[in-house]
Amino acid sequence: MTIQLKGGFVLQQDGSLKQQDVFITEGRTYFQKPGEPEEVIDVEGQLVAPGLVDVHVHLREPGGEAKETIATGSKAAAAGGFTTICAMPNTRPVPDHAETLSQIRKKMEETGCVRVLPYASITIRQLGQELTDFAALKEAGAFAFTDDGVGIQSADQMLQAMTRAAELDMAIVAHCEEDTLIHGGYVHDGNYAAKHNLKGIPSICESVHIARDVLLAEATGAHYHVCHISTKESVRVVRDAKRAGIRVTAEVSPHHLLLCEDDIPGLDPNFKMNPPLRSKEDQAALWEGLFDGTIDFIATDHAPHREEEKAAGMERAPLGIVGSETAFPLLYTHMVKSGKATLKQLIDWLTVKPAEAFSLPAGVLTDGGVADVTVIDVTTEKAIDKEAFFSKGKNTPFDGWVCQGWPLYTFVDGKLVFHKEEVKA
C-alpha cells in the first residue's frame, strides 16, 4: 500500500522548507511517486518531519502498571510525534539479567506502538553493589546501561562499569547525584526552598558526580552520557570535558529549559522533579550549553505518577513529570515561535542529534529511508489538556499552556500509529 502525504513542507539541510509530497510504501519514504497511492492524506501547509527520538522515558512496566504501561506510554509518545523511545530500567523486576531483559523486550515488541528500546541496569536491582553481566545484556538487546533514578556512588564501581562498557562499545548513561550531599532535599537549594522552608538539593550534588565521571570516561575511553543536566556547574564541567576530547554527551529536559525555581506556584507538587527546577542562572546556562553544543540534545524524562501520589504534597509526592505529549508543542512555541531557535535546530535536537549520539538508525527523513515520520500542525493554537493525555500520568506543570506545533500523524515503519482524530480510550 502506498500513502501520499500531499502538500506538506519538508525541512532541508540548509534549514529552508520545501513543499514536497512524501510517499510511504512498504515501510519506506520516497519523494517520487513509486506507484499510484491507495490513500492520499492532505497535509498542505504542515511540517512533514522525521520521527522524533527520545532516549529518556519511564514506562513503569513491569511492576508499575498503575502509573503507566508500555502500551499507554508508547501511545503517548506517538501522540507527541516520537517514533523511537528508550525505556529506563527502574521497573520491578529490574532488567538486570538477560532473561528478564528479553521478557521485557518481548513485551515492548508486542504492545508498544512505537519503537521501544530497553536500557539495562548497571548494577543488580539498581542497588549499587554488584555489576550486571554487560555482555549478556548486550546480547539480549540492551540499548545502553544506566541506573537512572540513583547515582552510582562508588568511583571504583563506575570505573569498572565504564571499562566493561568500553570493551563492548556501549554507553554508560548516568543519573548524577551524590547521595551524601542530598541531606533529605527534594527541591533546589535556593530561593524557593528558603522562602517555603523546604529541604533543598544543592547543585554540587549533580556536578560533583559529572566531574568525577568525565575523568573516569577519559581513563577508560567509554561513551559517558549525562542524563537531564540541570546546573551551570554541570554545563561547565561537560564543556571543559569536551574541549579535552573526552567522549561525553549530555541531554537537557524541556522543563529545565522552560522553567526555573521562580516559576513554581506555591507548593504545587506538579513542579517537583529530579533534578529539581534550578535557579534562573542555571536555566540560562542550559540554554547557552544547548546552543554552543555542550548539551547535545533534548530528552523528555517522561515520568508518570498516579494523581493520588502527586496529591501528597511537595514534601512527600514522588519526583517527576510527564513529557511525551507536550515536548514538541512547548519547545516549538517557546523556542521557534519566540525566535530563540530555528526550526532546524529544534528538529535536530529531537531527531538526528540523539540518533547520532547513540548510533541509532533513526532521526532522518530520506528518499528510500525507513518511514518513521511525524506530520506536525505548526499553525493551530490550543491549550495543553492533561485530561486528554494518552499517558496514564497527568502530572504536568504545563496544563493550560497554549501552544502551537501539534503532531497530526505519526508513522512507524510506514504504519500509522497515531492520527489527530484519535481520542484516548
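By the 6.0 Å contact criterion, NZ on K6 is open, its count of non-hydrogen atoms from other residues, nucleotides or ligands being 12 or less. Other residues, nucleotides and ligands place more than 12 heavy atoms under 6.0 Å from the CD atom of E109. Heavy-atom neighbours of D385 CG from other residues, nucleotides or ligands within 6.0 Å: above the threshold of 12.
Here the side chains of T249 and V226 are not in contact, with every heavy-atom distance at 4.5 Å or above. Within the 4.5 Å cutoff, the side chain of S230 has no heavy atoms near those of the D282 side chain. Side chains of F9 and Q20 form no contact here, defined as non-hydrogen atoms less than 4.5 Å apart. Residues I295 and W349 have side chains not in contact (no heavy-atom distance under 4.5 Å, counting atoms from C-beta outward). Considering only heavy atoms from C-beta on, L17 comes within 4.5 Å of L343 through its side chain. Residues L257 and L331 meet the side-chain proximity criterion, which asks for heavy atoms closer than 4.5 Å. T333 has its side chain out of reach of W401: every pair of non-hydrogen atoms, C-beta onward, lies at least 4.5 Å apart. Between K394 and F389 the shortest side-chain heavy-atom distance falls below 4.5 Å.
Taking the six-membered ring for Trp, H228 and H256 have ring centres at least 6.0 Å apart. In this structure, the ring of F23 has its center no less than 6.0 angstrom from the ring center of F31. Checked against the 6.0 Å centroid criterion, the rings of Y192 and H188 do not qualify as a close aromatic pair.
For the side chain to side chain donor-acceptor pair (under 3.5 Å) condition, the pairs that include at least one residue of residues 22-46, sequence neighbours left out, are T2-T25. Sorted by first then second residue, the salt bridge (charged side-chain N to carboxylate O under 4.0 Å, His left out) pairs that include residues 59-72, not counting sequence neighbours, are E61-K107, K67-E309. Residue pairs satisfying the side chain to side chain donor-acceptor pair (under 3.5 Å) criterion with at least one member in residues 92-101, sequence neighbours excluded, are absent.
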Full working for salt bridge (Lys or Arg N to Asp or Glu O under 4.0 Å) between D240 and R236: CA-CA 6 Å; D240 289 346; R236 186 175 72 237; 5.0 Å; no
Starting from the C-alpha separation in whole Å, work towards a yes-or-no answer on side chain to side chain donor-acceptor pair (under 3.5 Å) for D301 and H255. CA-CA 9 Å; D301 193 10; H255 44 277; 4.8 Å; no
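Here H305 pairs with nothing under the ring-ring contact (aromatic ring centres under 6.0 Å, His included) rule; sequence neighbours left out. Checked against ring-ring contact (aromatic ring centres under 6.0 Å, His included), H223 has the following partners two or more places apart in sequence or in another chain: F358.
One side chain, T380 or D377, offers a donor N or O that lies under 3.5 Å from an acceptor on the other. A donor atom on one side chain and an acceptor atom on the other are found under 3.5 Å apart for N274 and E177. Between the side chains of E206 and S234, at least one donor-acceptor pair of N or O atoms lies under 3.5 Å.
Between the side chain of D147 and the backbone N or O of T123, at least one donor-acceptor pair lies under 3.5 Å. In this structure, the side chain of E325 does not engage the main chain of G323 through any donor-acceptor pair within 3.5 Å. Of the possible donor and acceptor atoms, one in the side chain of S74 sits under 3.5 Å from a partner among the backbone N and O of C113. Without hydrogens or angle criteria, K138 side chain to L168 main chain gives a donor-acceptor distance under 3.5 Å. T351 contributes no side-chain N or O that, together with a main-chain N or O of V364, makes up a donor-acceptor pair within less than 3.5 Å. Using a distance-only test at 3.5 Å, with no hydrogens or angles considered, a donor-acceptor pair links the side chain of D399 to the main chain of K386. Put simply, the side chain of K420 never gets that close to the backbone of W406: no donor and acceptor are under 3.5 Å apart. Within the 3.5 Å criterion, the main-chain N or O of A285 finds no donor-acceptor partner in the side chain of K232. Between the K272 side chain and the A317 main chain, a donor and an acceptor come within less than 3.5 Å of each other.
Taking both residues in full, the closest heavy atoms of A161 and I122 are given as CB-CG2, 3.9 Å, listed atom of the first, atom of the second, then distance.
One distance of note links CZ of R278 with CG of L259; it measures 14.0 Å at 0.5 Å rounding. Note that CZ of F82 is 13.0 Å distant from CG of D372, once rounded to the nearest 0.5 Å. To the nearest 0.5 Å, atom CD1 of residue I204 and atom CD of residue E233 are 6.5 Å apart. Considering CG of N395 and CE of M273, their distance stands at 9.0 Å, rounded to 0.5 Å. Atom OG1 of T300 is separated from atom CD of E251 by 8.5 Å, given to the nearest 0.5 angstrom. F291 CZ to Q345 CD: the interatomic distance, rounded to the nearest 0.5 Å, is 5.5 Å.
The pair D14-K344 fails the salt-bridge criterion, with no side-chain N (NZ, NE, NH1 or NH2) lying under 4.0 Å from an Asp/Glu carboxylate O.
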May I have the list of side-chain donor-acceptor pairs in residues 407-414 shorter than 3.5 Å, sequence neighbours left out?
residue	atom	partner	partner atom	Å
T410	OG1	A78	O	2.7
D413	OD1	R115	NH2	3.0
D413	OD2	R115	NH2	3.2

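Paired with L59 under the rule side chain to side chain contact (heavy atoms under 4.5 Å, CB included), one option of I85, T91, T111 passes, and it is I85. When F297, Y119, F143 are each tested for a ring-ring contact (aromatic ring centres under 6.0 Å, His included) with H225, only one passes: F297.
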